[in-house]
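What follows is a set of notes on a single structure, which appears directly below.
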Amino acid sequence: MAPRTLRDPSSSHTIGFSSSTLFDPTSSPQQPPSSPPAATSTTSATPNSLDLHCLPPIFVIPAHLDSDAQDEVEEELAASHAPLTYSVHEARLFVGLVRSKKRAALELRTRGLWTEEVVREDKSVQEEVKEKVSRGREGGSEPPRKRVKVDGGVAKEDVETASETEVETASEASETESESAPSDHVPAESTIEPSKGNAEAQYAVDGSSVQLQPHPKSPAEDPPGALQFQDHLRVISLDWLRDSLKAGRVMSVGKYVVYECRAIEKPTAPQRQQTLIPRQQIQKVIPARKAQIAAQHPQSQRQQQPSSSQQILDRARADAGEGPRVNQRYHPRRTGLALDVKKPRSQLLQQTTTPEDASPTNADSGPLPPPPDWVAQHVKYACERSTPADTPNAAFVEQLKRIRLARELRDDDIGVRAYSTSIAAVAAYPHEIRAAREVLRLPGCSEKIATLWREFSGSEDGTVAEAREVDDDETLRTLRLFYNIWGVGAKAARHFSLDKGWKDLDDAVEFGWGQLSRVQQIGVKFYDEFAERIPRSETEHIVQVVREHARRVCPVDPDGIEILIVGGYRRGAETSGDVDVIVSHRKLDATMNLVEDIVAALEQSGYITHTLTLSLQGTSRGQATLPFRSSNGAGLGFDTLDKALVVWQDPEWPGKASAAETNAKNPNIHRRVDIIVSPWRTVGCAALGWSGGTTFQRDVRRYAQAVKGWKFDSSGIRDRRTGKVVDLEGPDGVGRGEGIVDAEKKVFEGLGLVYREPWERCTG
DNA sequence: GTCGA
DNA sequence: AACAATGCGCG
DNA sequence: TCGACCGCGCATTGTT
């Protein structure tokens, strides 16, 4: 980690517009303060002689003003008889500590005032374009702008600021601080709070508009009172007030204008023909509008309600109508039609082996492959069938997954569940689907999925419109960006994007760093690194390190430590998004408090850089239930797992030694590692519970519920009625000579399920 | 979106 | 301060 | 036609 000089992270001056900075001409809010913020409040001492009564209604933007400073500003204005207003809608002039258009628009927007920039006519389009280009060059808006790397990216411009941000993030994140930072400044408590200032400082630094902004264009400055542009709103820098006070006269606002705009409708559902206007063109013409347009755009998602749901269904029907011969068979209307074809269909289901119905259909037909048993028998739980990773229908599954992602981003849990079911079924189907009929007989796949398949199979490029939206729709792209932050779910992503109007990670860092939770900050910090896939070899290495540390902290019987790598790795994936590893030990008490010890040891040796969450419920309850267990004869303690979700970075790298002087930083990618500690008694449940794909897991639970009346969890099984523990692994777990996988097999067996190899649990 | 009571 | 509700992650 | 759709622990936020 880069060395850094720190200024007091908790100092408010980066944000604070304190009285002293107000009147200090040298101090610019985005620079390290030239004077401490504390000190004297000159405010009331200066009775001013300005007369601002003929100004349009003024609104003071409170952002970055502590309440004192805000009061002060308002007092000054009031003393000058300025028409202060507290309604954004009434105001025509806005003053505040705002340095960029983007920021200005955001400030107004978050107060319910949506705007679009107005460009003075003396500004040619050419200039616009030029400006855009130069802005782009500056990094203000280039597209793949890799991140927000809270550290690296900014460091170029302002090492101090950037590295400070870096430090904040790190320190906040770490009760378990173990960065190689030589400076041990951090009181671990320095949580989230201070960093807001840093984010702000950083923003000011890279805010491209800083230099560009104050284009003193219109040389014909409007005198303060003259409003040639009645409907225009102007956001002006607080410097205007400061300078006016200093000069003792009302300065023309012209050169202080940060953002000139007009109010527009909050873009809501009804603005749906907007789709017709290619967004890119808008951007080309009026680049400065970009931010607003983007911010407005979110709502346009509604526009696809008619176009996607309804229309597609309609189209589906029409589509189905096109193929008259097979129409009804393909699209039983669930009510009547299904019955109409019921006979032929059930027949078909049972003996598709025979090419009986080969004749009727069109090109994509032919004898259908024999349906697997689970299809014929409508086996609906994914845990009852084999779902290998490689499916002949991968391309279609991919489309379905995109649609599911769109549902996730729209916070449609049920839709997500529905598509997951369909995906799992399609993924389990061993033949390349050649007819919609085949889709229809899959459990969890009905009209909609069949329709999608038709669209898919009929398309040039093997895609469907609804799936393309995830990439094409700007709203969804933005949502996805935020959703991909660890610790940000659908709710928060929508909040950031739709409510706050943030458009990219920079916005989150610049405008909302302080509103992010601790783990979200970590998630942002390592956004790019967490997105990197982990090859199997690295997973193995990481687990080896975990094993060594587990042994180290288990001195009584280090050889008794047993490890199983689960998650995607166990399912055979070439790469994983994270590393999941189960640690167990045959001795019951050996696993007690083991997570904490392992985590502590790994922090100690520098592998764990952050702890995202630590679950200790198992251990604490384990202790409590021990007596309970013995007294309760049959009943075993019901331990949940202890687990640690951590950020991992290998502290060793080639050339580390020589890097000491050069301040080279650890190039190893930060990884997400989940360490699960399970008591031996339930280690089979843990293995089962951590090895399958999501849908496989859900279906294990649904199956256990529906078929057995049990409540399955990766830490054990209970009977729903009696609440008693169901022990499938033996009172002390599997015995000598048997391992974790044996325990897992017993659980399958006890559940009445055929054992599925891990690579048969790839339900997506 | 699908299934089943 | 204690508790409840919500959001999120895990597979 | 209408409800159910995994189950758990932690962290944060809201309520009293």
Side-chain angles (χ1 to χ4, degrees), chain A residues 191-192 309 312-313 334-335 338 378 380-383 400 403-404 407-408 411-425 439-440 442-452 466 483 485-495 515-520 523 566-571 576-582 611-621 638-645 672-676 685-706 710-718 720 758 761-764:
Chain A
T191 356
I192 299 158
S309 300
I312 286 196
L313 267 185
R334 185 156 57 215
T335 38
H378 295 96
K380 57 178 184 176
Y381 299 107
C383 53
L400 294 177
I403 300 178
R404 177 178 64 183
R407 301 310 177 99
E408 289 174 10
D411 199 15
D412 171 13
D413 290 354
I414 299 314
V416 172
R417 171 69 232 203
Y419 274 94
S420 294
T421 307
S422 317
I423 288 166
V439 177
L440 281 176
L442 299 180
C445 298
S446 189
E447 189 174 320
K448 180 65 188 283
I449 307 299
T451 302
L452 289 170
E466 249 185 297
Y483 187 70
I485 299 172
W486 202 94
V488 172
K491 292 281 196 302
R494 299 180 70 80
H495 183 59
Q515 304 165 54
L516 301 179
S517 71
R518 184 183 69 91
V519 294
Q520 286 168 345
V566 287
Y569 176 95
R570 186 165 182 232
R571 293 197 294 275
S576 309
D578 66 1
V579 174
D580 307 294
V581 56
I582 293 177
T611 300
L612 293 166
T613 65
L614 208 51
S615 287
L616 303 168
Q617 197 52 42
T619 289
S620 61
R621 213 194 296 182
F638 188 75
D639 308 73
T640 60
L641 309 184
D642 287 347
K643 69 182 175 197
L645 312 188
R672 281 267 308 101
V673 176
D674 297 349
I675 300 170
I676 300 106
C685 286
L688 173 49
W690 281 82
S691 297
T694 299
T695 306
F696 189 93
Q697 292 315 326
R698 288 180 163 181
D699 283 1
V700 167
R701 289 170 162 81
R702 284 202 306 144
Y703 171 92
Q705 141 91 290
W710 294 343
K711 180 148 53 174
F712 176 90
D713 179 71
S714 55
S715 59
I717 301 171
R718 279 178 182 279
R720 287 204 180 249
R761 309 177 201 173
C762 302
T763 52

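Reminder, nothing fancy here: chain letters follow the sequence lines and each chain counts from 1. Atoms considered below: every heavy atom in the structure, side chains included; atoms not considered: hydrogens, waters and symmetry mates. Just so we're clear, the structure is a prediction, and the values are computed from it rather than from any experiment.
- A:Arg701 is linked by a salt bridge (charged side-chain N to carboxylate O under 4.0 Å, His left out) to A:Asp713, counting only residues two or more places apart in sequence or in another chain.
- For the contact set between residues 693-706 of chain A and DNA chain B, defined by any heavy atom under 4.0 Å, there are no members.
- A:Asp713 has its CG atom 16 Å from the P atom of C:dC10, to the nearest Å.
- Residue A:Arg571 is in sugar-phosphate contact alone, with no base atom involved, counting any heavy-atom pair closer than 4.0 Å across all strands shown.
- Taking atom CD1 of residue A:Ile675 and atom C1' of nucleotide C:dG11, one finds them 17 Å apart after rounding to whole Å.
- Legend: residues meeting salt bridge (charged side-chain N to carboxylate O under 4.0 Å, His left out) with A:Asp412, ordered by chain and number and at least two apart, are A:Arg407.
- In the set D:dG9, D:dA11, B:dG1, D:dG9 carries the atom at the smallest distance from any side-chain atom of A:Ser615.
- Here D:dC8 is the nucleotide among D:dC10, B:dG1, D:dC8 with the atom lying nearest to any side-chain atom of A:Lys711.
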Within the 4.0 Å limit for protein heavy atoms, which parts of nucleotides 2-9 of chain C are touched? Write it as a string from 5' to 3', B for base, S for sugar-phosphate only, - for none. -----SSS

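- Atom P of D:dC6 sits at a distance of 15 Å from the matching atom of B:dG4, rounded to the whole Å.
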Passes side chain to side chain contact (heavy atoms under 4.5 Å, CB included), A:Leu688 versus A:Arg761? Steps please. CA-CA 10 Å; A:Leu688 173 49; A:Arg761 309 177 201 173; 4.1 Å; yes

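- For the side chain to side chain contact (heavy atoms under 4.5 Å, CB included) with A:Leu641, the lone residue among A:Ile582, A:Leu616, A:Ile676 that qualifies is A:Ile676.
- Just one of A:Leu452, A:Thr695, A:Ile414 meets the side chain to side chain contact (heavy atoms under 4.5 Å, CB included) condition when paired with A:Tyr419; it is A:Leu452.
- Between A:Arg417 and D:dC6 there is a side-chain N or O to OP1 or OP2 distance below 4.0 Å.
- The residue A:Leu614 sits close only to the backbone: its heavy atoms come under 4.0 Å of sugar-phosphate atoms, none of a base.
- Of the two residues contacting DNA chain D, namely A:Val519 and A:Ser714, the nearest-nucleotide position lying further toward the 5' end is that of A:Ser714.
- Distance, A:Asp674 CG to D:dC10 C1': 14 Å, rounded to whole Å.
- A:Leu612 has its CG atom 12 Å from the C1' atom of D:dC10, to the nearest Å.
- In this structure, A:Leu641 atom CG and C:dG11 atom P are separated by 13 Å, rounded to whole Å.
- For the pair A:Asp413 CG and B:dT2 P, the computed distance is 17 Å after rounding to whole Å.
- A search for salt bridge (charged side-chain N to carboxylate O under 4.0 Å, His left out) contacts involving A:Asp699 returns A:Arg417, A:Arg702, not counting sequence neighbours.
- A:Val519 is linked by a side-chain contact (heavy atoms from CB on, under 4.5 Å) to A:Trp486, A:Ser517, A:Leu612, counting only residues two or more places apart in sequence or in another chain.
- In this structure, A:Asp578 reaches the sugar-phosphate backbone alone: every heavy-atom distance under 4.0 Å involves primed, P, OP1 or OP2 atoms, never a base.
- Every residue two or more places apart in sequence or in another chain that forms a side-chain contact (heavy atoms from CB on, under 4.5 Å) with A:Cys445 is listed here: A:Ser422, A:Ala425, A:Val426, A:Val439, A:Leu442, A:Ile449.
- Shown here are the side chain to side chain donor-acceptor pair (under 3.5 Å) partners of A:Ser714, two or more places apart in sequence or in another chain: there are none.
- Listed nucleotides: D:dT12, D:dA11, B:dG4. Nearest to the side chain of A:Lys380: B:dG4.
- Here B:dG1 presents its P atom at 5 Å from CZ of A:Arg407, a figure rounded to the nearest Å.
- Atom-to-atom, CH2 of A:Trp690 to C1' of D:dG9 comes out at 11 Å; the value is rounded to the nearest Å.
- With sequence neighbours excluded, no residue forms a salt bridge (charged side-chain N to carboxylate O under 4.0 Å, His left out) with A:Arg698.
- Heavy atoms of A:Ile676 sit nowhere under 4.0 angstrom from any nucleic acid atom.
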